[in-house]
Amino acid sequence: MELDFWHRRWQKNEIGFHEREGNILLKEYFEHWQLPDKARVFVPLCGKTKDIGWFLLRGYAVVAIELNESAVQALFAELDVDPLIESHGPLLRYSADNLIVYVGDFFSLTASDVGDIDGVFDRGALVALPEPIRHKYSEHLRMISNTNKQFLLTYDYDQALFAGPPFSVTSQTIHQIYQHHYSITQLYRGRIAGGFRSQDEVYEGVYLLFNTHG
């Protein structure tokens with residue numbers, strides 16, 4: 001991943017990908033995910049997403065990872081929580097009740113770091129990555145999450161219109177990446193009102209990925 005690129009984005013506050021009220025599609029389609037009560041959710045490349053607070057308010061535990069430490073500091077500040085901060089191998093570990101957020105390179109995270117989880121919430125991770133790295137990301141995510149079920153959000157549009165991120169990730173791409181290990185259900189595809197970057201033909205998608213081997 002282009003680590004410096006993301007650090008610069010956070011430093012300059014160029015975070016148009018951050019949703020001030022959390023993700024509407026998560027709330028609308030959440031029940032389809034079929035998480036158990038008091039589930040534990042993993043959120044890769046989490047930024048300072050409001051969705052983490054949404055999970056916590058509903059009694060879920062969250063483990064996450066984010067490259068940029070200032071984003072993690074902002075996350076805990078917005079939650080009004082003082083974290084315990086510890087070195088953890090090549091990562092930093094911010095923790096509080098029901099919440100652990102690692103700071104550092106996603107590919108340094110291990111299955112033991114993540115621990116037992118009930119699902120993966122990928123709102124902005126896959127779409128943040130250029131095509132050459134998506135397979136590496138998806139395979140590492142599968143390994144550290146024990147092929148657990150995913151709630152995946154995407155954008156798709158004509159990639160020739162502008163460069164990402166967020167990058168266009170089509171249904172065909174999702175199947176190419178995940179079909180060998182997951183059953184894939186697309187719950188929603190709809191145009192984003194107003195699009196973004198002056199382009200109207202931008203669509204959001206919601207996918208559920210379930211382990212085909214149980």
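Heavy-atom basis, side chains included; hydrogens, waters and symmetry copies ignored. Throughout, residue positions are numbered sequentially from 1 according to the sequence presented. What you see is a predicted model, and the numbers here were worked out from it, not measured in a lab.
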Q.
Against the six-membered ring of F107, is K136 placed for a cation-pi contact (under 6.0 Å from the centre, within 45° of the normal)?
A. yes
Q | Heavy-atom pair of closest approach, residues L56 and V62 | A | CD2-CG2, 4.2 Å
Q. Looking at side-chain heavy atoms only, is the closest gap between I100 and R40 below 4.5 Å?
A. yes
**Q.** L126 vs F167 side-chain heavy atoms within contact, under 4.5 Å
**A.** no
Q) Any side-chain heavy atom of V114 within less than 4.5 Å of one from S145? A) no
Q: May I ask you to test the I52-C46 pair for a side-chain heavy-atom distance under 4.5 Å?
A: yes
Q: Any chance you could measure L109, atom CG, to I65, atom CD1, to the nearest 0.5 Å?
A: 4.5 Å
**Q.** Candidate pair V202 and R191, rule side-chain contact (heavy atoms from CB on, under 4.5 Å), full reasoning
**A.** CA-CA 6 Å; V202 180; R191 181 187 288 185; over 6 Å; no
Q) Any sub-3.5 Å donor-acceptor pair from K149's side-chain atoms to V120's backbone N or O? A) no
**Q.** Any donor-acceptor N or O pair under 3.5 Å, side chains Y207, D122
**A.** no
Q. Is there a donor-acceptor pair under 3.5 Å between the side chain of R134 and the backbone N or O of L129?
A. yes
Q.
Quiz question: by atom type and distance under 3.5 Å, do the side chains of E31 and Y29 form a donor-acceptor pair?
A. no
Q: Test side-chain contact (heavy atoms from CB on, under 4.5 Å) on D51 and V43 and set out the steps.
A: CA-CA 9 Å; D51 299 318; V43 185; over 6 Å; no
Q) Do you know the tightest heavy-atom contact between S138 and I177? A) OG-CG2, 3.1 Å
Q. So with a 6.0 Å cut-off around CD of Q172, is the heavy-atom count from everything else above 12?
A. no
Q.
Do T170 and S168 make a side-chain contact, defined as non-hydrogen atoms from C-beta onward lying under 4.5 Å apart?
A. yes
**Q.** Euclidean distance, W33 CH2 relative to D118 CG, rounded to 0.5 Å
**A.** 9.0 Å
(Q) For a quick check under 3.5 Å, do Y157 and Q159 share a side-chain donor-acceptor pair by atom type? (A) yes
Q.
Can you tell me if D158 has over 12 outside heavy atoms packed within less than 6.0 Å of its CG?
A. yes
Q) When you look at N211 and N148, which way does the side-chain contact (heavy atoms from CB on, under 4.5 Å) test go after all the steps? A) CA-CA 6 Å; N211 185 346; N148 223 300; over 6 Å; no
Q.
Show, in sequence, the C-alpha distance, side-chain angles and deciding distance for L152 and Y178, and conclude whether the side-chain contact (heavy atoms from CB on, under 4.5 Å) test is met.
A. CA-CA 11 Å; L152 172 63; Y178 288 115; 4.2 Å; yes
Q: Let me know which of F121, F151, W54 forms a ring-ring contact (aromatic ring centres under 6.0 Å, His included) with F30.
A: W54
Q.
Would you call the rings of F106 and H140 parallel, tilted or perpendicular, taking 30° and 60° as the class edges?
A. perpendicular
Q: Following the transitive rule for hydrophobic clusters with a side-chain heavy-atom cut-off under 4.5 Å over Ile, Leu, Val, Met, Phe, Trp and Tyr, establish whether Y182 and M143 coincide in one cluster.
A: no
Q.
To the closest 0.5 Å, what do you measure between OG1 (T147) and CG (L141)?
A. 9.0 Å
(Q) If you count heavy atoms of other groups shown closer than 6.0 angstrom to NZ of K27, is the number above 12? (A) yes
Q. Could you state the interatomic distance from CG (N23) to CZ (R123), rounded to the nearest 0.5 Å?
A. 6.0 Å
**Q.** Side chain to side chain, L91 and V103, heavy atoms closer than 4.5 Å
**A.** no
Q) Of all heavy-atom pairs between A96 and F76, which one has the smallest distance, and what is that distance? A) CB-CE2, 4.1 Å
Q.
When you compare the side chain of I184 with that of H175, does any pair of heavy atoms fall below 4.5 Å?
A. yes
Q: Answer yes when E66 and K48 have at least one side-chain N-carboxylate O distance shorter than 4.0 Å, and no when they do not.
A: no
Q. Does a donor on one side chain and an acceptor on the other come within less than 3.5 Å for E69 and Y94?
A. yes
Q) Looking at P44 and A125, what are the two nearest heavy atoms and their distance? A) O-CB, 3.8 Å
Q.
Any side-chain to backbone donor/acceptor pair from T212 onto H181? Under 3.5 Å, distance only.
A. yes
Q) Are Y203 and L187 joined in one hydrophobic group, where the rule is that I, L, V, M, F, W and Y side chains link up if heavy atoms are under 4.5 Å apart? A) no
Q. Is D113 salt-bridged to R93, going by a charged N under 4.0 Å from an acidic O?
A. no
Q.
Between Y60 and K38, is there a side-chain heavy-atom distance shorter than 4.5 Å?
A. no
Q | Reported CG-to-CG distance for the pair L79 and L99, which is rounded to 0.5 angstrom | A | 6.5 Å
**Q.** Straight-line distance of R142 CZ to H180 NE2, nearest 0.5 Å
**A.** 11.0 Å
